[in-house]
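Handing you this structure, nothing more for now.
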Number of protein chains: 2
Amino acid sequence: MIKLKTDRVILGDCIEAMNALPAKSVDLIFADPPYNLQLAQDLYRPEGSRVDAVNDDWDKFDTFATYDAFTRAWLKAAHRVLKDDGTIWTIGSYHNIFRVGTALQDLGFWVLNDIIWRKANPMPNFKGTRFTNAHETLIWCSKSEDARYHFNYTAMKALNEDLQMRSDWVLPICTGNERIKIDGIKAHPTQKPESLLYRVLLACTKPGDIVLDPFFGTGTTGAVAKLLGRHWIGIEREEKYARVAEKRIAELLPLSGGAMAVTASARAQPRVAFGALVENGMIRPGTELVDHARRFRARVQADGSLNMGETVGSIHQIGAAAQKAPACNGWTFWHVEQAGKLVPIDTMRAAYRQAAAL
Amino acid sequence: MIKLKTDRVILGDCIEAMNALPAKSVDLIFADPPYNLQLAQDLYRPEGSRVDAVNDDWDKFDTFATYDAFTRAWLKAAHRVLKDDGTIWTIGSYHNIFRVGTALQDLGFWVLNDIIWRKANPMPNFKGTRFTNAHETLIWCSKSEDARYHFNYTAMKALNEDLQMRSDWVLPICTGNERIKIDGIKAHPTQKPESLLYRVLLACTKPGDIVLDPFFGTGTTGAVAKLLGRHWIGIEREEKYARVAEKRIAELLPLSGGAMAVTASARAQPRVAFGALVENGMIRPGTELVDHARRFRARVQADGSLNMGETVGSIHQIGAAAQKAPACNGWTFWHVEQAGKLVPIDTMRAAYRQAAAL
DNA sequence: GTCTCAATTGAATCTAGCA
DNA sequence: CTGCTAGATTCAATTGAGA
């Protein structure tokens, strides 16, 4: 049996490099392939600064057919090096994830979950043309339908305050000290947060397992693998990224305790927008809201805004405007009349939370 | 021109039925196709009861190829009936959504967002073998890359308490009174919540628009369309579902006209030329305008142009030149000093609009 | 050292209408 | 079709300067 050399970066094309590795040799593959973003032009923020977008050559493909051929080729190579009971994770956005998911299924991989990384702090949609693109999608697959893959169910449950870990993960994007910079400029345009890899590796590997990342970049996968006592192999085409990754991982001390548990346990805050009660039918558009003394009246519009005379705004804004105050908590200020009695809309929010088990 | 018969259920195959409708005739398509969801065997809860899973004939496809052929066929028919500036929504899970997304892109639809419906109360994973499948995915597309699709950005923002609506939507699943039951048994296995359709229709349609649902089921799309004053067409293959939908929608009262109003977008407001304020005497020629930080100053000329040093131009051009920015909204950039306080000229535009009853 | 406020930034398919 | 111009448009987190 060939001894597999681990804990190193292989410089080169990921398909060739994977084909040079022994078959069925790695326990987990984490792959962050190019997203094929297809940006048409420069984008400016409302205040005038230019958005530093991903516009690198490695993310450019002529057509979907070209992208599909590339995707199938690297996935086929990944299938060969993966152990029969190993699993593969890929990450992407709507630009590419449907192509990747289709290719995975066509190659015989078995989808176990699609996981949503809900970004706590995404970039907004500056032009007001679409919904804020606030998530990325990961696909988790075993090698075949009947594979006996490894899943640390209880570890995931523990990580989630003893509730089953769900398919949507709220995690911040990679910023601050964690973001690697060279002379003040980000070293890689799409560095992933360690918290994301931490959860993936903890869910699907044991200490001593071998983790392969064919699109290594600045080596987040390797860094977290070392931290958690897993072996790693990174493949990276661009030397500048490979060097950054090697240095980063070499300087890292493996983890002794649960230093990272803090970031992982952050749970979604159950914020409820007033509009949710309108959508849900608990408050119908056209309903009149009044304050506790019945001095002010406003009408609910279909989008959850309030209308008072000529003024339109949120429950908080209209509440403030009514009292000529700088601010107002609309949830406690406004009431609905039910059977002659005034019920604060905050009561209805509580009922909504209860019904929705938030 | 053929008058399109709306507000009715068409009984039959959705591909044939769509092909019988006039081309480019509907404003929005919402499609909840079969998920190709098959449990290999019955699933039992830990305490022994059997899970009532989707196991109907309409959700059975032998292979991915069969499912893909079906998907491409109905999407092609949908493409034909959709107006050029209309949009299409589809919903699915990891079993089918990658196939649907790939087919959409291959047929020339242009993905605008993928939206995550994050279920507030999903069914747990009883076996503890995977992550709780706690979301479904919607894909929102325009008919082509350069289509001028309709999106009620401000209404969505209002619905979310004045923050941009994100691509992850937290909504409860359809339960309780809303879930239609016949003799205590749920009438349809995959009834969608009205709150989901409410948000989709409010985002992408205007009152009077025509909404088509080719997989109508028990008619949630029609019910919400009627509530919001939109016309609807439902296509359903199974008579039992069609009858339930017809009865459900007939019993429903739509909102009154005023209640359907949503916050108007700024782009829909009538235009006011800066020169009109000068003509009107609200701003005198010679007045000095400054930015909010008092860094830049410009002088108003008699024709409504601005003069800054050697440069003359519109409020927008001079604002952009001052900041060396590619563009600038002069209405919010420039201010007039009144009694020591800075008032944005946009405030004066609002007053002008009010006075002119524009 | 501590607080406040302004500036910066992140995988982005990012305008509309008229001549 | 191109070209031009008006003018609409951002959330959360971190950093760093200045009080």
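Given the structure is predicted, the values throughout are model-derived calculations rather than measurements. Numbered from 1 within each chain, the chains take letters A, B, ... in sequence-line order. Computed over heavy atoms, backbone and side chain alike; hydrogens, waters and symmetry mates excluded.
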Under 3.5 Å, side-chain donor or acceptor atoms of residues 156-163 of chain B against the rest of the protein: list the pairs with distances, not counting sequence neighbours.
{"residue": "B:N160", "atom": "OD1", "partner": "A:R271", "partner atom": "NH2", "Å": "3.2"}
{"residue": "B:N160", "atom": "ND2", "partner": "B:L163", "partner atom": "O", "Å": "3.2"}
{"residue": "B:N160", "atom": "ND2", "partner": "B:Q164", "partner atom": "O", "Å": "3.3"}
{"residue": "B:E161", "atom": "OE2", "partner": "A:F274", "partner atom": "N", "Å": "2.9"}
{"residue": "B:D162", "atom": "OD2", "partner": "A:Q317", "partner atom": "NE2", "Å": "3.0"}

Counting the atoms with a prime plus P, OP1 and OP2 as sugar-phosphate, which does A:A53 contact under 4.0 Å by heavy atoms, base, sugar-phosphate, or nothing?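 Since a base atom lies under 4.0 Å of A:A53, the category is base.
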
ask   = If you look at every strand shown and take non-hydrogen atoms under 4.0 Å, does B:E145 touch a base, only sugar-phosphate, or nothing?
value =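 Nothing, no nucleic acid heavy atom in range.
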
Could you state the CG-P distance from B:D346 to D:dT9, rounded to the nearest angstrom?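 The distance from CG of B:D346 to P of D:dT9 comes to 10 Å, rounded to the nearest Å.
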
With a 4.5 Å heavy-atom cut-off, do A:E310 and B:Q354 have their side chains touching?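 They are in side-chain contact.
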
Exercise. Roughly, in whole Å, what's the span from CH2 in B:W334 to P in D:dA8?
Worked result: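 For the pair B:W334 CH2 and D:dA8 P, the rounded distance is 17 Å.
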
Does A:S93 reach a base, just sugar-phosphate, or nothing at all? Heavy atoms under 4.0 Å.
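No contact at all - A:S93 keeps every heavy atom at 4.0 Å or more from the nucleic acid.
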
When B:C328 and A:G176 are each assigned the nearest nucleotide of DNA chain D, the 5'-most assignment goes to B:C328

Would you indicate what A:R50 reaches in the nucleic acid, counting non-hydrogen atoms under 4.0 angstrom: base, sugar-phosphate, or nothing?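 No contact.
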
Counting only Watson-Crick and G-U wobble pairs with both atom distances below 3.5 Å, the stems of 3 or more consecutive pairs that include DNA chain C are C:2-10 with D:11-19, C:15-19 with D:2-6

Exercise. Is A:K181 touching bases, backbone alone, or none of the nucleic acid, heavy atoms closer than 4.0 Å?
Worked result: nothing

Checklist line | Sugar-phosphate only, base, or nothing, as touched by A:N133 at under 4.0 Å among non-hydrogen atoms | finding: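 Contact class for A:N133: sugar-phosphate only.
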
If we take the P atom in both C:dA12 and D:dT5, what is their distance in whole Å? 31 Å

Item to complete: Look at the side-chain N and O atoms of A:R179 and state whether any lies under 4.0 Å from the OP1 or OP2 oxygen of C:dA11.
Response: yes

| query | If the P atom of D:dG7 is compared with that of C:dT13, how far apart are they to the nearest Å? | reply | 27 Å

Starting at atom NZ of A:K186, determine the distance to atom C1' of C:dT8, rounded to an integer number of angstrom.
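Whole-Å distance recorded here is 12 Å.
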
Students often get this wrong, so: under 4.0 angstrom with heavy atoms, is A:N177 touching a base, only sugar-phosphate, or nothing?
sugar-phosphate

task: For A:P193, report the nucleic acid contact type (base, sugar-phosphate, nothing); a contact means any heavy atom under 4.0 Å.
output: nothing

key: Donor on one side chain, acceptor on other, A:S93 and A:H95, under 3.5 Å   = yes

Worksheet item: Over how many whole Å does the gap from B:W140 atom CH2 to C:dT13 atom P extend?
Response: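 Distance check: B:W140 CH2 to C:dT13 P gives 12 Å.
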
Closest non-hydrogen contact found for A:D59 with A:L37 is OD2-N, 3.1 Å

ask   = Donor-acceptor pair under 3.5 Å: do we get one between B:R148's side chain and the base of C:dT15?
value = no

- [ ] Go through the N and O atoms of the side chain of A:K119 and the base of C:dA11, and report whether any donor-acceptor pair is under 3.5 Å.
- [x] no

Hey, does B:A273 reach any base, or is it just sugar-phosphate, or nothing, if we go heavy atoms under 4.0 Å? nothing

| message | With a 4.0 Å limit, can you tell me whether A:Y44 has a side-chain N or O closer than that to the phosphate oxygens OP1/OP2 of C:dT15? | response | no

Q. Is A:T132 touching bases, backbone alone, or none of the nucleic acid, heavy atoms closer than 4.0 Å?
A.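 Nothing, no nucleic acid heavy atom in range.
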
Exercise for the section: Before giving the answer on side-chain contact (heavy atoms from CB on, under 4.5 Å), spell out for B:F30 and B:T90 the whole-Å C-alpha distance, their side-chain angles and the decisive distance to 0.1 Å. Expected result: CA-CA 6 Å; B:F30 183 90; B:T90 57; over 6 Å; no

Residue pairs, two or more places apart or on separate chains, that pass side chain to side chain donor-acceptor pair (under 3.5 Å) and touch residues 121-130 of chain A =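 Qualifying pairs: A:Y94-A:R130, A:N125-A:T129.
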
Determine whether A:I115 and A:W89 make a side-chain contact, defined as any pair of heavy atoms from C-beta on separated by less than 4.5 Å.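 A side-chain contact exists here, since the closest heavy-atom pair is under 4.5 Å.
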
Rounded to whole Å, CG of B:L112 lies from P of C:dT15 at a distance of 12 Å

### Task
Look at all strands and tell whether A:D32 reaches a base, only sugar-phosphate, or nothing, counting heavy atoms closer than 4.0 Å.
base

Exercise. Mind checking whether B:W334 and B:F296 have ring centres under 6.0 Å apart?
Worked result: no

